[in-house]
Amino acid sequence: MSEAQRDYKDQAEPLRKHMSRVESRTERKEGDLPSRKDVHRHRKKKKRGIQMTFPLVRLLLMTFILIVLLLIFSPYWLNL
């Protein structure tokens, strides 16, 4: 065996040790966990009307609606 092979360190060894520790901590029996039906039974879906994630789009939409409303009601204000 050459000197390089003796000094060679297995690179995966620390990962194997870590995984064995994680697996030993998270070992559970299959019966310990609730069924999917039980977990999701009480979950309520929140429905929102219009979902906009972009603030600029929201600002432009509100500005457009405001301009349309001003155009509709401007004859009433100008005649007062």
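Predicted model, so just to flag it, every value in this text is computed and none were measured. What's counted below: heavy atoms across the whole structure, side chains too, no hydrogens, waters or symmetry copies.
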When rounded to the nearest 0.5 angstrom, what distance separates CD in E13 from NE2 in H18?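 One finds 13.5 Å between CD of E13 and NE2 of H18.
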Distance check, rounded to the nearest 0.5 Å: K37 atom NZ versus R41 atom CZ?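 It is 5.5 Å, given to the nearest 0.5 Å.
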State, to 0.1 Å, how close P14 and D10 come at their nearest heavy-atom pair, and which atoms those are.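 The answer is CD-O, 3.9 Å.
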Output side-chain donor-acceptor pairs under 3.5 Å for residues 64-74, partner residues at least two apart or in another chain, one line each.
| unit_1 | atom_1 | unit_2 | atom_2 | d |
| --- | --- | --- | --- | --- |
| S74 | OG | L70 | O | 3.4 |
| S74 | OG | L71 | O | 3.2 |

